[in-house]
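Here's the structure, in structure tokens; my notes come after.
Both counts, for ligands and for their atoms, begin at 1 and track the order of listing.
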Amino acid sequence: MRIVKHAVPPLPYDVAALEPYIDARTLLLHHDFHHAAYVAALGRALETAPPELRSQSAGWLLCNLGQVPENLRVAVRNNAGGHVNHSMLWRAMSPRGGDEPSGPLAEAVDEAFGSFRKFRARFEQAGSALFGSGWVWLVRAPAGELQVMTTPGHDNPVSAGLFPILLNDTWEHAYYLQYENRRPDYLKRWWAVVDWSEAARRFARVPGTAPRLRARAGVTAAAHAVAVPPG
Ligand code: MN
């Protein structure tokens, strides 16, 4: 059985590429230290885990937390979540981001929220109102419409059977150096770096929208939906 070596994927752009919306110092600390610490802690937690868990991806672990021994479950949930969520976040953003979704994702957003503007307001409001540290998400239920939700800590909606389309990090480490206590400003300015082509790609792979995946919907597709790119 091949043991998975969990690793931080490289940023898909330079650390300064998202300025002035996300400053380089924040992005460097966030990726090289915060994300790296979750990966290191996940590796430590799995050292004593059964081999069948050590051969699984972080996404699979999030989809199968019930199979993780109880004494390791909190550490795996927090740190596999930290690893998967941050890996998704780097790709959710791009220096060529901004603008609006198009195609089927745009239609689904309009259908669920009335308009893109209303969706943005809902997402910002949810992220601003989230107490403490957590994440704000655009998700899709396997056969349902789009929803905005928040999760505490590093919980990922995939553990509850929901498929992430877009996410933002509302932990203070994501914005405090630049935006200080003004989380709503960070959430509002962040739209300028959102990569809608990545969100559309995720949307297209949700079971229910892609016939190829519908056939093997469930855990396999869910783990696939939160796959970490190669390090
Ligand atoms: Mn973070």
Side-chain angles (χ1 to χ4, degrees), residues 6-45 57-59 61-62 65 74-95 97 123-124 126-139 148-160 162 164-195 198-199 202 225-229 231:
H6 298 283
V8 180
L11 275 180
Y13 34 74
D14 184 81
V15 287
L18 303 182
E19 290 193 343
Y21 307 101
I22 308 284
D23 68 287
R25 182 78 183 148
T26 295
L27 196 53
L28 176 78
L29 291 167
H30 201 174
H31 177 269
D32 289 9
F33 294 90
H34 289 281
H35 186 168
Y38 300 127
V39 170
L42 176 62
R44 285 194 300 276
S57 69
L61 292 169
L62 290 181
L65 287 170
V74 171
V76 168
R77 172 177 162 183
N78 290 343
N79 294 296
H83 180 27
V84 166
N85 295 2
H86 287 96
S87 299
M88 290 174 58
L89 178 66
W90 313 135
R91 300 176 84 82
M93 305 186 291
S94 165
F123 193 95
E124 287 176 30
S128 298
L130 174 58
F131 185 76
S133 300
W135 294 75
V136 56
W137 306 82
L138 174 66
V139 299
V148 168
M149 67 180 291
T150 59
T151 55
H154 287 321
D155 286 357
N156 187 303
V158 81
S159 299
L162 297 155
I165 308 297
L166 182 70
L167 74 171
N168 196 7
D169 187 344
T170 70
W171 286 55
E172 286 183 346
H173 67 225
Y175 63 87
Y176 209 87
L177 290 181
Q178 182 177 358
Y179 293 92
E180 299 177 332
N181 60 312
R182 298 180 300 278
R183 189 198 290 176
D185 288 356
Y186 153 69
L187 290 167
K188 193 175 283 297
R189 295 194 83 210
W190 177 74
W191 297 113
V193 294
V194 170
D195 185 349
E198 167 72 0
R202 304 191 65 80
V226 292
V228 174

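Salt-bridge annotation for Arg91 and Asp195: absent, with no side-chain N of the basic residue lying under 4.0 Å from a carboxylate O of the acidic one.
When the shell of 6.0 Å around CZ of Arg25 is examined, it contains 12 or fewer heavy atoms from other residues, nucleotides or ligands.
In the model, Asp185 has no side-chain atom that pairs as donor or acceptor with a side-chain atom of Tyr175 under 3.5 Å. Using a 3.5 Å distance cut-off with no hydrogens or angles, the side chains of Trp90 and His35 do pair a donor with an acceptor.
In summary, His35 places no N/O/S atom under 2.8 Å from the Mn ion (ligand 1), failing the contact criterion.
If you look at Asp169 and ask which of its N, O or S atoms sits nearest the Mn ion (ligand 1), the answer is OD2.
Of the angles at the Mn ion (ligand 1), the one spanning NE2 of His86 and NE2 of His30 is 90° when given to 10°.
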